[in-house]
2 protein chains.
Amino acid sequence: IVERSVTRVVTPGTLTETELLRSDDNNFVASLTRGDEGYGLAFLDVSTGDFVATGPDAAATVRDEIARFDPAEAIVGPDADGECFADDCMVTAYDPAAFADDAARGRVADYFGSPDAHLGGEAEVRACGALLAYAEYTRGGEGDGAGDRLDYLTHLTRYDPREYMVLDGVALRSLELFERRSVHGSEGAALIDVLDETACALGGRRLKDWLRRPLVDADRIEARHDAVEELVADPLTRDALGTDLADVYDLERLISKVSRRRADARDLRSLKATLDVVPEIRATLAEVESERLRDLRARLDGLDDVRGLIGNAIRENPERELTEGGIIADGYDETLDELRETRRAGEQWIDDLEAQERERTGVDSLKVGHNSVHGYYIEVTNPNLDAVPENYERRQTLKNSERFVTPELKEREEEIMNASARADDRELDLFREVRREVGEAAERVQRVADALATVDALCSLAAVAAQYDYCRPTVGADGFEIEGGRHPVVERTEESFVPNDLTLTRESPLAVVTGPNMSGKSTYMRQAALVAVLAQLGSFVPARRARVPLVDRVFTRVGASDDIAGGRSTFMVEMTELADILRDATADSLVVLDEVGRGTSTADGYAIAQAVTERLHDEVGAYTLFATHHHDLTVVAEALDGARNLHFRAARDGDDVTFVHEVAEGAASASYGIEVAEQAGVPPGVVERARDVVAERAEDAGGKDAGEGG
Amino acid sequence: IVERSVTRVVTPGTLTETELLRSDDNNFVASLTRGDEGYGLAFLDVSTGDFVATGPDAAATVRDEIARFDPAEAIVGPDADGECFADDCMVTAYDPAAFADDAARGRVADYFGSPDAHLGGEAEVRACGALLAYAEYTRGGEGDGAGDRLDYLTHLTRYDPREYMVLDGVALRSLELFERRSVHGSEGAALIDVLDETACALGGRRLKDWLRRPLVDADRIEARHDAVEELVADPLTRDALGTDLADVYDLERLISKVSRRRADARDLRSLKATLDVVPEIRATLAEVESERLRDLRARLDGLDDVRGLIGNAIRENPERELTEGGIIADGYDETLDELRETRRAGEQWIDDLEAQERERTGVDSLKVGHNSVHGYYIEVTNPNLDAVPENYERRQTLKNSERFVTPELKEREEEIMNASARADDRELDLFREVRREVGEAAERVQRVADALATVDALCSLAAVAAQYDYCRPTVGADGFEIEGGRHPVVERTEESFVPNDLTLTRESPLAVVTGPNMSGKSTYMRQAALVAVLAQLGSFVPARRARVPLVDRVFTRVGASDDIAGGRSTFMVEMTELADILRDATADSLVVLDEVGRGTSTADGYAIAQAVTERLHDEVGAYTLFATHHHDLTVVAEALDGARNLHFRAARDGDDVTFVHEVAEGAASASYGIEVAEQAGVPPGVVERARDVVAERAEDAGGKDAGEGG
């Protein structure tokens, strides 16, 4: 009977197996509680040790932060509910005892010292404490008597959502930052796909984190821009770093495995190989001038002691299996070396035996062999059995031969087996000791990993900027002033992309955008939002020149299609999103509205669009781009001081309609639809009648409908 | 060296392997040519022998017919091009020689007699001839010297597209007859899924064919309705038929395999098992009264000769492999029986040998055995080797025993092997002869298969009608008069479904349908089209009472979403579809328009909608349902003699909006959109302003915008 006990609980959020995880993205488990003064929300990546917490004061903020981190799993306290998590997130109501104030406080203190020094309030402490308890409960390990404590959890970072640009779930999805929305199965890229030129997994995760949380502090943003600028200007350094970083293994996950006693000898060699690169990277960064890069260089500790230990102790190309030897290097341990020598000598003796016995017996076909059941034997073919000496003992009869052993051979065999077994045990003991010692350096390794991650992310931004001709944006400006802006994703997939300008000022922050479907309205509006996001995460932007404000939040209402979601009216969803915007947008927000009010009567839809436009203009003052098919809205925009009209045109190209994708001041000509109908083969009488109807109604409306331009 | 030659070419359209085909659907290869007077278009299912041809006079009709049959593969002549085929259809420009007039004519004559007796014109003959050549080229077979001719191709049916309701690709897709359009990955059913209760593959394919080609001839439709009505009223007969039909194998594909010499012995037994059921089905149908069912009964030839032949010749549960015996029944062939007896006697002798030799030698542990390398042997363990008689010859030495043979044993072994080999050869010869004889009955088997397919399809229609409370529609009426109509697919998935009435008369054939999104407009309109399709394919319909006209074509323009297809403007696509409708619709067509003109300015979109409405009303006179958000259109409808308004309402239910899904006369109240905005949390000031805007504009437009109702 094999005794079994639970040594590990596997859940979606606490996976640590590298094979099961996307190397270039975090895999978070979230923890949510609710206290008297707000919520406590924490995210932990068990595989890397990334651990952050925040204390949102509103349910909407909780939802926004969850959308940012997109956890695979969540635990909730008895006072909170899991409805704010996505459908594909596994939510568990975890043991209330773990969320209890004292228990949580004690656990946080145990790991990180005084909770109050790290966290904002009681709900946050409870979220973090419970998350630690859960991580311990589900921990992986060899079951070799290690304690429950997770030594690699060395950092807990508290953040305030207001330190970052708010990107709610709607914005993340409609701007396609991380995931392409499927358009009928056709393939496509998300922003992260065109932005990620990182060389290692550490950098990949760092870049995703930056994209998840663009900054709102001009100094921090400019520090990144400085570093990117320096790397853009210095392709040699960038290339050298890229080459070095390509040799960097996933240090965070490696050291986490070491701490959890799940690392094998190859993991340690990978760790050493990475540390070997660090001095080279330091050297490459020797001449850098930007403060950020100099600071990163200073943090690149080579960890010579750890490198030396692994280098001395662990073989190159060690075995994956820990219990069968082949792990520890020669010369590291005297006892092990002696055991190996004994084994080697025994094996040599056996190797010599064949020649020796051939000579003694005069049988040239005599063979010494080994099989796994009977061990070593001397084999003599039937015709030669007469020559077998007296001390041979028969062990096995085959069709054409007999197999024998001798007392000496048995003795040597015994010796080899003993030495082997003891050597294997010794190797395992030594390995565990080395792994423990390496584990003690977890915090230092994590600091190096952190620095490498940032260097890689900055290099990636520089590489993209250089290759795709991005410019350094000025942040903190009083409005958007973009010359020759492009959509970073669309420009990669289209054969030719037409750049466009955008100006939105404090005085004139609102633009109504008209033009036919497919003319480029949606791309243009999303492009503005993406430029803002890129600039604030520290990237250069796809434009000839760009001045952008510090946007506190990007709102999008992009009515992509009449998708039916659980039978709920899409119009209701649309109005709810609109209400959120009108409630939460500030003068520093960027609002992108695409076709508001399509799910209802055109009269109501129009009225809502006009009322929303007026409210955004008169009271909110947010930077706003509003695409619409309601041409009457262009008349409204003309009458408002802080609003103006932009339009996209379609041109006729023989029998077909083509789009020039160029934005221009003023409202679009309203005659496009009927022209297309005509070209599509709608009978002339019907086309003529449609023209009459337009004219009649314009007249009826007292010229109100005749918004012209372009 | 193994000589290889091409014995078969495998292509998507000429697959015959049952494992690779959907048993319940046809797998067509199409052939297209163009002649002076029109097109030639043919479809062949190689696996079943279904072969139809038609001669469309316009490219649009070619496209429509291709959409109907949805071929997996197509060959085109030198005068035609393959652009009218779907993207997933493999199109080959096949050997022009095969399309040549003389060659094609000769080939068609060879199979079916005079081409002119079967086909409409030169282009059709060329399409069919080339398709026969292609089928021969790609034919499957044993390579046993069979000729190129495909004996199971016994029927070529010519049809005129005007014999059937036209269902173009747009209609097939938007009505979801065969395939559910994916709505963001959510699962769902197509019409065929809820309609198909057939018991066997034959019936499944027949039902699909009916759905692909609804009839336009009242007599033919009513003949099906009569049969369905009789089966609805007689659940006992229906159940009995269902039980019998469940034992029916895929007769068409079986006989096709037989003819192509690819059938094995189990296929023949399956064929017999099916023929065994036929008399029972005949008996079950003994009392039927409807002409159609009586005619079917008369066509149920039991094929006693074929059944007898297979029953006598082929074992029950024969081996799958043809070359290793175990196929032919005992008593069928004297020579085979003798060979088997020789083998049996030899084996018996060997069976007896062990006892006999134990007695002779006194060795109780003596064993007679067989192994595949050395054949039969007598085994004696080492301690008993002394007792081995003289006539034993040593054959093999094992560790603890020796194996021997005797001359008698060797002789018997030889005898058995000879008899076995000759028996196997004999069985294969006999089997091929039986298969050839069965193949000669191909045409009779196909007639039975055809009758069984129709009985199954009618039973399926009756089962659905009985289970889901469908009513028998009156066809050929002067308009639609549906009481308590339901959507056959949606009613299965929704917990409660609200039935609705529909009246469209010759005098008033057009209805403008208003109401908020999700209120039920789209379901209501599609339901009307589905009732028409169901009625004309011979089915009862989901309604309390239904009178429907004979619709020549269903047109749909359902602007589901702003899907981007290859960068082409969806608005352009929409207008092209609209142009097709205005060009081709007749007073006997049913036109379903959902939201025309959304991709352009609202002014243009409205004007086009109004002009189209007027054209359909004034000149086309088609039965038309037109859903719109343009409430002004309801005013237009009021002014037209043959038009009226229908609407769906939304109701407030506490904080949420619910839809009652009830259609009512008159236009929808236009105030819904702003109410929803209010409930969704749009600030009161904005809501109030929106109400003012609506009021102002209504006033400006001289009351034109104030369409009210419900």
Side-chain angles (χ1 to χ4, degrees), chain A residues 183-184 397 399 514 516-518 560-564 567 569-572 575-576 578-579 582-583 597-608 610-612 614-615 629-631 657 670-674 676-677 680-683 685-687 689-691 693-694 697 700-702 704-705, chain B residues 183-184 397 399 514 516-518 560-564 567 569-572 575-576 578-579 582-583 597-608 610-612 614-615 629-631 657 668 670-674 676-677 680-683 685-686 689-691 693-694 697 700-702 704-705:
Chain A
V183 175
H184 270 247
T397 301
K399 192 171 171 192
T514 44
N517 273 11
M518 306 293 301
S561 65
D562 295 86
D563 294 335
I564 291 158
S569 162
T570 39
F571 181 63
M572 184 76 190
M575 287 300 114
T576 308
L578 199 62
L582 294 176
R583 188 186 63 231
R598 286 179 60 165
T600 186
S601 72
T602 45
D604 282 15
Y606 171 74
I608 291 166
Q610 179 174 339
V612 166
E614 290 170 356
R615 166 65 65 111
H629 282 312
H630 293 291
H631 278 256
V657 176
S671 62
Y672 162 79
I674 295 175
V676 172
V682 170
V686 176
V687 170
R689 174 63 183 140
R691 289 219 167 91
V693 171
V694 169
R697 286 163 60 88
D700 281 359
K704 226 191 171 184
D705 222 327
Chain B
V183 175
H184 270 246
T397 303
K399 194 172 168 188
T514 45
N517 273 10
M518 307 292 303
S561 64
D562 294 87
D563 294 335
I564 291 161
S569 163
T570 38
F571 181 63
M572 183 78 191
M575 286 302 113
T576 307
L578 199 62
L582 294 176
R583 188 188 59 232
R598 285 180 61 163
T600 187
S601 71
T602 45
D604 281 15
Y606 171 74
I608 292 167
Q610 179 174 338
V612 166
E614 290 170 359
R615 166 65 64 112
H629 283 312
H630 294 290
H631 279 256
V657 175
S671 63
Y672 161 80
I674 295 174
V676 171
V682 171
V686 176
R689 175 63 183 137
R691 290 218 167 89
V693 171
V694 169
R697 286 163 59 88
D700 281 359
K704 222 190 174 185
D705 222 325

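For the numbers below, each heavy atom of this structure counts, side chains included, while hydrogens, waters and symmetry mates do not. Naming convention: chains lettered A, B, ... in sequence-line order (proteins, then strands); numbering from 1 in each chain.
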**OP:** Output yes when a side-chain donor or acceptor of B/H629 lies under 3.5 Å from a complementary backbone atom of A/T602, and no otherwise.
**Re:** no
**OP:** Using a cut-off of under 4.5 Å on heavy-atom pairs, state which of A/V687, A/V686, A/V612, A/V682 scores highest against chain B.
**Re:** A/V686
Original post:
Which distance, rounded to the nearest 0.5 Å, do you find between the CZ of B/R689 and the CD1 of A/I608?
Top reply: 13.0 Å
Testing the basics here: between [X] and [Y], what is the closest heavy-atom pair and its distance to 0.1 Å?
X      : Y      : result
A/V694 : B/D604 : CG2-OD1, 4.0 Å
A/A690 : B/A611 : N-CB, 3.7 Å
A/A579 : B/A680 : CB-O, 3.3 Å
B/R615 : A/P683 : NH1-CB, 3.8 Å
B/S601 : A/H631 : CB-CD2, 2.9 Å

**OP:** Start with the C-alpha distance between B/T600 and A/V676, add both sets of side-chain angles, then the distance that settles side chain to side chain contact (heavy atoms under 4.5 Å, CB included), and finish with yes or no.
**Re:** CA-CA 9 Å; B/T600 187; A/V676 172; over 6 Å; no
